[in-house]
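Each residue takes its place number in the sequence, starting with 1. In this text the structure is predicted, and so the values were computed from the model without any measurement.
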Amino acid sequence: MSKYDALWKYVQDSGNHSFKLTFDEIAEIAGIAIDHSFLKYKKELTEYGYQVGKISMKDQTVLFTKVES
């Protein structure tokens, strides 16, 4: 079980092709603040049919996009 499982499930359940979440929204959904380990864990998201796109430190947002099959 990953510490980001709740976030991955939320992204999958969204059904959106592409969308952004702020770091604060991610912390609320996941129950933990986003940190550098997110870069390691982000590859897990492909198991849910999505991938992590652009991570903006300036805007403090993460873009999620559906993986085309």
| field | Ala33 to Ala27 - nearest heavy-atom pair and separation | value | CA-CB, 3.9 Å
| message | For Ser56, give me all partners under side-chain contact (heavy atoms from CB on, under 4.5 Å), at least two apart in sequence or on another chain. | response | Lys54, Lys58, Asp59, Thr61
| query | When you look at Leu21 and Val62, which way does the side chain to side chain contact (heavy atoms under 4.5 Å, CB included) test go after all the steps? | reply | CA-CA 5 Å; Leu21 291 173; Val62 177; 5.5 Å; no
| remark: Value for CZ (Phe23) from CZ (Phe38), rounded to nearest 0.5 Å, stands at 8.0 Å
| message | In the structure I gave you, are the side-chain heavy atoms of Leu39 and Ile55 within less than 4.5 Å of one another anywhere? | response | yes
| OG/Ser18 to OH/Tyr50 distance, rounded to the nearest 0.5 angstrom? | 9.0 Å
| Does OH belonging to Tyr48 count more than 12 external heavy atoms closer than 6.0 Å? | yes
| Distance (rounded to the nearest 0.5 Å) between Tyr41 OH and His36 NE2 | 15.0 Å
| query | What are the two closest non-hydrogen atoms of Glu44 and Ser2, and how far apart are they? | reply | OE1-OG, 2.6 Å
| Is there a side chain to side chain contact (heavy atoms under 4.5 Å, CB included) between Asn16 and Phe64 once you walk through the steps? | CA-CA 9 Å; Asn16 294 323; Phe64 298 93; over 6 Å; no
| request: Can you tell me which residue pairs pass the salt bridge (Lys or Arg N to Asp or Glu O under 4.0 Å) test with a partner in residues 1-28, sequence neighbours excluded? | output: Lys3-Asp35, Lys9-Asp13
| query | Which pair of heavy atoms, one from Ile34 and one from Tyr4, lies closest together, and at what distance? | reply | CA-OH, 3.8 Å
| Check against side chain to side chain contact (heavy atoms under 4.5 Å, CB included), His17 and Glu68 | CA-CA 9 Å; His17 181 273; Glu68 300 298 326; 2.7 Å; yes
| message | Any heavy-atom pair between the side chains of Gln51 and Val67 that's under 4.5 Å? | response | yes
| If you take all heavy atoms of Leu7 and Ile29, which pair is closest and at what distance? | CA-CG2, 3.9 Å
| message | In the structure I gave you, are the side-chain heavy atoms of Leu63 and Val52 within less than 4.5 Å of one another anywhere? | response | no
